[in-house]
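Labels below follow one simple rule: chain letters A, B, ... track the order of the sequence lines, proteins then strands, and each chain is numbered from 1. Values reported hereafter were calculated over all heavy atoms of this structure, with side chains retained and with hydrogens, waters and symmetry mates removed. A quick note: this is a predicted structure, and the numbers were derived from the prediction, not measured.
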Amino acid sequence: MAEIRIQLPDGSTKTFDRPVTPGEVAASIGSGLARAALAAKVNGRVVDLDHPITEDTELEILTSKSPEALEVLRHSCTHLMAQAVKRLHPEAMLEDGPPTEEGFWYDIRTDPPLTPEDFPAIEKEMRSIAKEALPIERQELSREEAYRIFKERGEKYKLDLIERIPEDDTISTYRQGEFIDLCRGPHVPHTGVFKAFKLLSVAGAYWKGDAENEQLCRIKGTAFPTKQELDAYLQMLEEAKRRDHRRVGRELELFMHHEWAPGEIFWLPKGHLMYRQLSRMMSDLCRQEGYDEVFTPLLFKADLFKVSGHWEHYREDMFLFDDKDENQFALKPMNCPSHMLIFREKKRSYRELPMRIHDQGVLHRNEASGTLSGLTRVRQFCQDDAHIFLAQEQIEDEITALIGLVKRVYDLFDMQFSKVCLSTRPESYLGEKESWDQAEKALSNAIEKNQLDCTINEGDGAFYGPKIDFIVRDCLGREWQTATIQLDYQLPARFELKFINRNNEEEMPVVVHRAIFGSFERFFAILIEHYGGNFPVWLAPEQVRVLTISEKHEGYAQEVYEQLQSNGIRAEKDFSAEKIGAKIREGRMKRVPYLLVVGEKEASSRTLSVRSQQKGDLGSMPLGSFLEWINREKSAVF
RNA sequence: GCUGAUGUAGCUCAGUCGGUAGAGCAGCGCAUUCGUAAUGCGCAGGUCGCCGGUUCGAAUCCGGCCAUCAGCUCCA
């Protein structure tokens with residue numbers, strides 16, 4: 001028999017005179033490695049440790065330190081959990097359980113549904129299975145055999161999964177003790193490797209992601225190679241909760257909700273001030289970028305939406321009602337139709353293009369009650385919305401500039417996109433295939449020019465045009481769409497828009513829908529979590545707080561306070577009878593960027609002791625120097 | 001909208017077996033005048049989400065509704 005040469009990552013080679021498994025290779029290198037091994041990478045593919053190697057290969061033994069092994073560990077942990085659930089609830093039916101970025105989940109049908117109260121028992125059973133150190137064995141089998149096994153076990157969801165496996169794919173199962181699961185693997189070698197896992201939540205999930213189907217229990221959990229890593233992760237989750245915009249919003253009195261206005265926001269003085277700052281910043285920016293700002297009606301006769309297509313495609317999400325004369329009215333869910341009317345109001349020339357209209361108007365969408373959440377999903381909101389009317393050949397330059405603008409704005413807040421997606425022509429689309437191709441090309445060229453790392457969502461565009469979406473994460477890792485750039489051939493056609501081109505002919509413009517923040521509400525939420533409430537000075541509702549050591553210094557402190565006020569600084573004062581430690585604590589908890597301590601020393605030398613929220617005690621300085629300092633920070637954006 | 005959970009003072013949360021409501025913080029008052037994350041004492045504060053039912057009696061048990069939370073479907 002020919003020798004098998006196995007090349008290891010350090011460049012060394014091992015030869016064997018018979019087929020081997022990665023586990024055996026690991027053992028031949030050292031018993032420590034064999035113990036630490038969770039999986040292996042053979043010619044770049046992650047496989048089980050008992051995967052047979054019959055020819056020359058490149059091999060890497062994966063231990064808990066590699067990200068691929070972590071994924072395998074978590075995937076295997078779904079089986080551990082499923083086995084535990086089956087032991088405790090033999091009637092449970094399993095669907096699917098993949099690893100995720102932060103852990104794993106498994107969709108399971110039980111009757112009654114599982115609740116968090118079941119977690120301790122399941123975790124206990126999981127620990128006991130881990131203790132049993134059951135070997136995990138792969139078996140490849142025929143479709144019929146697989147079908148028979150899961151039919152016998154009453155696993156109807158597994159049968160459906162088998163039917164959905166493509167013809168020529170290998171079907172495999174993994175067995176550990178009495179438990180068997182349909183799975184392509186790979187998996188860890190035995191259940192003894194699980195040292196640190198935790199079940200986190202349970203929620204409903206529609207079977208096959210279809211709202212028409214029954215719901216299964218999605219149990220989410222996470223697993224790590226060591227207890228320390230698990231604890232660190234759980235602590236990180238706790239800290240993320242402290243940054244949650246709903247919590248910070250309440251603590252800092254930025255906004256509130258009331259059960260009589262579900263999905264709507266009461267902006268309290270401090271939050272409203274910040275909202276206005278953001279709004280003003282965006283208005284200024286848009287003006288600089290050649291946009292004209294407008295404000296348009298909130299309430300329209302249904303006729304408008306019949307023309308725009310919203311009546312047909314969006315009515316379910318709109319607030320509708322009749323006036324006294326029984327005309328049907330709707331609150332606008334988007335600004336685009338009004339902007340079409342503005343464009344159409346008079347004859348337009350090619351000289352006006354690109355014509356850019358910015359609108360921060362109030363929008364209402366009747367979102368399903370279960371989707372509402374804090375500031376991220378609301379029923380009334382404003383966007384930094386704009387529509388750009390342009391000629392087909394202007395698309396690429398305009399989009400290139402737009403992407404640049406989006407990047408500039410997010411840089412300003414030190415924010416990064418977790419994803420940028422280009423969504424292309426869907427199966428059912430409107431307009432000419434040629435103009436779609438051209439538009440998609442223009443978008444991808446613009447993306448390239450801006451060196452954006454972009455995922456292509458084939459066929460995921462809107463029916464009216466392709467689009468680029470910008471996604472950011474909140475503190476809990478959930479993804480939200482914020483900025484968006486969408487091309488539209490549909491609305492110009494429906495509203496019969498035209499302009500007179502260079503050749504004195506009528507030509508239809510293309511419309512670009514774009515938003516940079518997306519909605520102010522959602523962007524606000526993400527900003528809060530991004531900064532953890534520690535806003536930059538230009539945005540902070542209270543920029544400075546003057547604290548007195550004792551009431552003897554109130555005279556001077558008042559003078560300082562008035563000077564700050566007259567210099568346009570948003571200052572507050574705390575002249576209460578508390579000790580300075582308590583006042584500092586209070587000011588820190590309210591995230592005031594600068595606390596100015598005024599006592600005997602400061603009063604006699606006419607200075608201030610400055611304490612920065614970010615940098616701590618900065619020592620004392622004259623008021624003039626502080627004003628200079630804070631004004632520089634304040635103008636960081638404007 | 002769907003599944004599950006939750007709803008007690010402004011906030012965070014106790015409240016056992018069904019017997020009529022409790023803490024800390026915040027607030028208010030008084031004392032303290034203090035040097036960089038909590039001074040002390042006192043007072044006040046509740047239609048136990050709402051409606052109905054069971055019961056001699058309901059925060060507690062049952063039903064309906066509302067809201068919130070975790071997800072799902074959908075979306076900025």
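Listed by chain and residue number, nothing satisfies the salt bridge (charged side-chain N to carboxylate O under 4.0 Å, His left out) test with Glu578(A) (two or more places apart in sequence, or in another chain). With sequence neighbours excluded, the residues forming a salt bridge (charged side-chain N to carboxylate O under 4.0 Å, His left out) with Arg478(A) are Asp474(A), listed by chain and number. Partners of Lys124(A) according to the salt bridge (charged side-chain N to carboxylate O under 4.0 Å, His left out) rule, which considers only residues two or more places apart in sequence or in another chain, do not exist here. Scored by the side chain to side chain contact (heavy atoms under 4.5 Å, CB included) test, Glu479(A) finds Ser418(A), Lys419(A), Ile471(A), Arg473(A) as partners (sequence neighbours excluded). Under the rule for a salt bridge (charged side-chain N to carboxylate O under 4.0 Å, His left out), Asp574(A) has no partner lying at least two apart in sequence or in another chain.
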* Using Watson-Crick or G-U wobble pairs with both distances under 3.5 Å, give me RNA chain B in dot-bracket, 5' to 3', with [ ] for crossers and | for pairs to another strand. => (((((((..((((.....[..)))).(((((.......))))).....(((((..]....))))))))))))....
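The 5' end of RNA chain B is approached more closely, in terms of each residue's nearest nucleotide, by Lys552(A) than by the other of Thr482(A) and Lys552(A). Along RNA chain B, the nucleotide nearest to Ala203(A) and the one nearest to Val610(A) differ in position, and the one closer to the 5' end is contacted by Val610(A).
At the phosphate of A70(B), OP1 or OP2 sits under 4.0 Å from a side-chain N or O atom of Arg478(A).
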* Report, as a single string ordered 5' to 3', how protein heavy atoms within less than 4.0 Å touch nucleotides 11-17 of chain B: B base, S sugar-phosphate only, - not at all. => SS-----
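Contacts between residues 88-99 of chain A and RNA chain B, defined by a heavy-atom separation under 4.0 Å, are absent. Heavy-atom distances under 4.0 Å link RNA chain B to Arg377(A), Val378(A), Phe381(A), Gln383(A) of residues 376-389 of chain A, given in residue order. A heavy atom closer than 4.0 Å to some atom of RNA chain B occurs in Ala211(A), Gln215(A), Arg218(A), these being the qualifying members of residues 211-223 of chain A.
The side chain of Arg585(A) has A37(B) as its nearest neighbour among C72(B), A67(B), A37(B). Distance from the side chain of Ser519(A) is smallest for A76(B) among the nucleotides U33(B), A76(B), U73(B). Minimum atom distance to the side chain of Arg246(A) is reached by A70(B), of the listed U73(B), A5(B), A70(B).
For residues 199-224 of chain A, the ring pair (Phe, Tyr, Trp, His ring centres under 6.0 Å) pairs, not counting sequence neighbours, are Tyr157(A)-Trp207(A), Phe224(A)-Tyr233(A).
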Detail all sub-3.5 Å separations between protein N/O atoms and N/O atoms belonging to nucleotides 39-50 of chain B.
residue : atom : partner   : partner atom : Å
U39(B)  : OP1  : Glu578(A) : OE1          : 2.9

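Counting non-hydrogen atoms of neighbouring residues, nucleotides and ligands closer than 6.0 angstrom, the CD atom of Glu212(A) reaches no more than 12 such neighbours.
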